[in-house]
Engineer: 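Here it is, the structure in full.
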Number of protein chains: 2
Amino acid sequence: MRFQRSRETGGRVSTTPTVYDVAERSGVSIATVSRVYRNPDSVREKTRERVLAAARELGYVPSGNARGLASRSTGVLGLCFPDYSDPDTETEAADTDDDHAFMLYSDQIIRGMERAARRHGYALLIAASLKGGPESLVAKVAGRVDGFAVLARTVPTEDLDVISRRLPVVMLAGPRESDHLDHLDHIEVANEDGQRELTRHLIEDHGLRRLVFVGGEERAPDAQARFRGYQEACRAAGLPAGEEPDLRAEMMTQAEGARAADALLDRAGPGDGASAPVQAMLFANDQMAIGALHALERRGVRVPDDVAVTGFDGIPLGRLVRPALTTVRQPMRQLGEEAVELLVRRLGEERDREPVDLMLPVDVVRRASCGCAGRPAHGDLSGAEAG
Amino acid sequence: MRFQRSRETGGRVSTTPTVYDVAERSGVSIATVSRVYRNPDSVREKTRERVLAAARELGYVPSGNARGLASRSTGVLGLCFPDYSDPDTETEAADTDDDHAFMLYSDQIIRGMERAARRHGYALLIAASLKGGPESLVAKVAGRVDGFAVLARTVPTEDLDVISRRLPVVMLAGPRESDHLDHLDHIEVANEDGQRELTRHLIEDHGLRRLVFVGGEERAPDAQARFRGYQEACRAAGLPAGEEPDLRAEMMTQAEGARAADALLDRAGPGDGASAPVQAMLFANDQMAIGALHALERRGVRVPDDVAVTGFDGIPLGRLVRPALTTVRQPMRQLGEEAVELLVRRLGEERDREPVDLMLPVDVVRRASCGCAGRPAHGDLSGAEAG
DNA sequence: TTGAAAGCGCTAACAA
DNA sequence: TTGTTAGCGCTTTCAA
């Protein structure tokens, strides 16, 4: 017998009601109350109705925490993602129109995960990193879910290492970080293939030969992979390609893209080319490419006539800018869905399966900024796009 | 003394480690382990390090459930939203380009809530309704969060009634459902004002006089409010406006919008007008308006030359279609942020504050489909928009 | 600064 | 079909 609860059932001491209260009020045991919620059919209808009535009257809501604790599962999957906002775009005047059109990675992944999670009866807990939180982000999430996905480089590797020993974790995008983490499932996107194909397109289909690549940090795995794709395509075509990107940006923001474009233009010497002018600027992501479009417009450089510009990612904004941005589209939504599938399977039958490593294919999207496409806009309901 | 745990600390029986394991391994009490995570400064540094080392070695992660249970709080806020996917758009071939551009309400709200929640140190739990789940959606969410927001008409009123007695709930969009729920905080959007202003624009600025309004279900409060705004503007201008929308759509999808446009055209008699032709079709949401644009194009009716078309919501897709859709933009992101602010405040100082009822202002966005705007697209980086 | 002990509200055997 | 009971892993007084 548990100690008498410090509350008289009739005498207005409002604590949140528990199974005990419902049980007492409906004249059954707490086990029966529990059954009514977990497995209604295992309780006689008459009884069940009495219990539900009591619950209603008391305002009873089962405690997820208590349930989770007792049953060792939460019915929740998690997602940790970095604070991905582009400082350029994230102005104080929040609801600008650009902002609206600006749907990031994480939104797509969230959509994908939410949808898949729902299909499997899970809810989704999302949390973005915020530097200097008291406890590490992961810990907060990890303690509340049955398994979770992490966007690469969101959380310290060591934290992940500890946590992934206790529950399923799938790493999204970016290559395996290190051998420490090789027991994680892992889904990546074909960055190298995509950039190679896009570069090939510029070289072979548009006949461009003087290309430059603007990359990201050395430790940004996606940007690095894209650069490798670029190198490969150049070399395959017999064009020179250095060991390093022509330029590197730290945050890969629009502002940096604009600066890069300026620098590239200045580098060649202002105006008519003594050193032959660049024919194509390839950026490691769409944000930079869009910033570059702005900068080029300001300087009166025509795209794609004077120079072709390409990005990578396939963010919606890339389609709204003029000229529309040629890019490589990442299947972020699918990434989220696959992540959930992997988690669910590992929580079920495949508890001890070997870690998998999926590579999702990407699409080259040819728009106006590389010299493709450019149908008249009027009468076209879906936005011009060349195959 | 609790019963001996059925696990030898040295003898490979891998259970997930608990405070007890960490305590034992580091030679302290479980209380101290707990302190290390909750309030590190209250533990001597030497001790703390020993505890953390042990935790690391064991792969210890605090159980969110146990913590929540013991401390009666979760550090999580929730959002329940309906399964809002437009069946027309949600084809099996998931990653179509339209789909990409199609960012719903819920995404915006999620963004807003996530951001605000993060600022306050909360994580966000999201769950969409799925008909026929075993337990009601709310119950699942409600038990795991400190407070949550619900999109109007996502969950049965009675469930909300019970739950909102136990934890803070804020209702988003749509008017108060009933007097039962008048202890909930509530945030709505100025549907009526927005539609009134948009309608006034068509009448006064474009000189249109033969308007029709395509609404939603009678029980869809937003659509109803919009219709009222339409009525008011018509009457203010001395134009006739019936007691009912000219047409109602059940799901307010693109397909229904297309059908509505067809019906409206057929109603007037095919071809040259015996009964004077409609000059403007106003739809209760963007989805329908976009469907209508398709239908009109198929029939060779020019927009806005032959007929003006408007929507409501401000979804990104509305900007991509041609002609770009004139609409009223809802501040969904802000809706999410305000919701979190309300919840956080009610969880803090304002526990017993009177329920509030916020009304967020909207913007009329004038684009080409009403006859406004239409700047050349080339060289315009942000997409044409008239003030 | 640390420890002992009593729950937090529920589930899950096992009995009846 | 229903009841009994022993935890689930943590926080939290209260003492030391």
Engineer: Could you work out which one of D:dC8, D:dT11, D:dT4 sits closest to the side chain of B:I30?
Structural biologist: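 Comparing D:dC8, D:dT11, D:dT4 against the side chain of B:I30, the answer is D:dT11.
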Engineer: So which nucleotide from D:dC10, C:dG3, D:dT2 ends up closest to the side chain of A:V43?
Structural biologist: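 Of all the options, the side chain of A:V43 is nearest to D:dT2.
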Engineer: Closer to the 5' end of DNA chain D via nearest nucleotide, is it A:G27 or B:A66?
Structural biologist: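 With A:G27 and B:A66 compared, the 5'-side residue is A:G27.
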Engineer: What is the distance, rounded to the nearest whole Å, between atom NZ of A:K46 and atom C1' of D:dT2?
Structural biologist: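 Atom NZ in A:K46 sits about 16 Å away from atom C1' in D:dT2.
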Engineer: So, is A:R38 near the phosphate of C:dA12, with a side-chain N or O under 4.0 Å from OP1 or OP2?
Structural biologist: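 It does, given that an N or O in the side chain of A:R38 lies less than 4.0 Å from OP1 or OP2 of C:dA12.
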Engineer: Could you tell me the separation between the OG atom of B:S63 and the CZ atom of A:R72, rounded to the nearest 0.5 Å?
Structural biologist: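 Result: 10.0 Å between the selected atoms.
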Engineer: Can you check whether B:L124 reaches A:L125 side chain to side chain, under 4.5 Å on heavy atoms?
Structural biologist: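 Result no, sub-4.5 Å side-chain heavy-atom pair not found.
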Engineer: In whole angstrom, give the distance that lies between atom CG of A:D21 and atom P of C:dC8.
Structural biologist: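 The answer, rounded to whole Å, is 11 Å.
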Engineer: Would you classify B:S34 as touching base, sugar-phosphate or nothing, given that sugar-phosphate means primed atoms plus P, OP1 and OP2, and contacts are heavy atoms under 4.0 Å?
Structural biologist: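 Here B:S34 touches the bases of the nucleic acid.
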Engineer: Please confirm whether B:Y60 and B:Y37 have ring centers closer than 6.0 angstrom.
Structural biologist: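 Here the rings of B:Y37 and B:Y60 have centres that are less than 6.0 Å from each other.
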Engineer: On DNA chain C, compare the nucleotides closest to B:S71 and B:D41; which residue's is nearer the 5' end?
Structural biologist: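 By nearest-heavy-atom nucleotide position, the 5'-most residue is B:D41.
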Engineer: Please report the distance, rounded to the nearest Å, between CG in A:N65 and P in C:dG9.
Structural biologist: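 It is 11 Å, rounded to the nearest whole Å.
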Engineer: Counting heavy atoms from C-beta on, name the nucleotide in D:dG3, D:dT11, D:dC8 closest to the side chain of B:R67.
Structural biologist: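 Among the listed nucleotides, the one closest to the side chain of B:R67 is D:dT11.
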Engineer: Is B:Y60 close enough to D:dC10 that one of its side-chain N or O atoms is under 4.0 Å from OP1 or OP2 there?
Structural biologist: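 Answer yes for this pair, as a side-chain N or O of B:Y60 is under 4.0 Å from OP1 or OP2.
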Engineer: Report which part of the nucleic acid A:V33 touches: base, sugar-phosphate, or nothing (heavy-atom distance under 4.0 Å, all strands).
Structural biologist: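 Touches nothing.
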Engineer: Can you work out whether B:R50 or B:A70 has the more 5'-proximal nearest nucleotide on DNA chain C?
Structural biologist: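 In this pair, the answer is B:R50.
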Engineer: Is any side-chain heavy atom of A:V33 closer than 4.5 Å to a side-chain heavy atom of A:V22?
Structural biologist: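 Result yes, sub-4.5 Å side-chain heavy-atom pair found.
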Engineer: Of all the choices, C:dG3, C:dT2, C:dT11, which nucleotide is nearest to the side chain of B:T47 once you look at every atom?
Structural biologist: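 Per side-chain heavy atoms of B:T47, the pick is C:dT2.
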Engineer: By nearest atom, which of the nucleotides D:dT2, D:dT11, D:dT13 is closest to the B:R35 side chain?
Structural biologist: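 My answer, after comparing the listed nucleotides, is D:dT13.
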Engineer: Could you state the CZ-C1' distance from B:R166 to C:dG9, rounded to the nearest angstrom?
Structural biologist: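 Between C1' of C:dG9 and CZ of B:R166: 14 Å.
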Engineer: Are A:V61 and B:R165 close enough that some pair of their side-chain heavy atoms sits under 4.5 Å apart?
Structural biologist: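 Of all side-chain heavy-atom pairs linking B:R165 with A:V61, none is under 4.5 Å.
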Engineer: Ignoring backbone atoms, establish whether A:S63 has a side-chain N or O less than 4.0 Å from OP1 or OP2 of C:dC8.
Structural biologist: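 No, because none of the side-chain N or O atoms of A:S63 sits under 4.0 Å from OP1 or OP2 of C:dC8.
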Engineer: Of the options D:dG3, D:dG9, D:dT11, whose atoms approach the side-chain atoms of A:S29 most closely?
Structural biologist: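 Nearest listed nucleotide: D:dG3.
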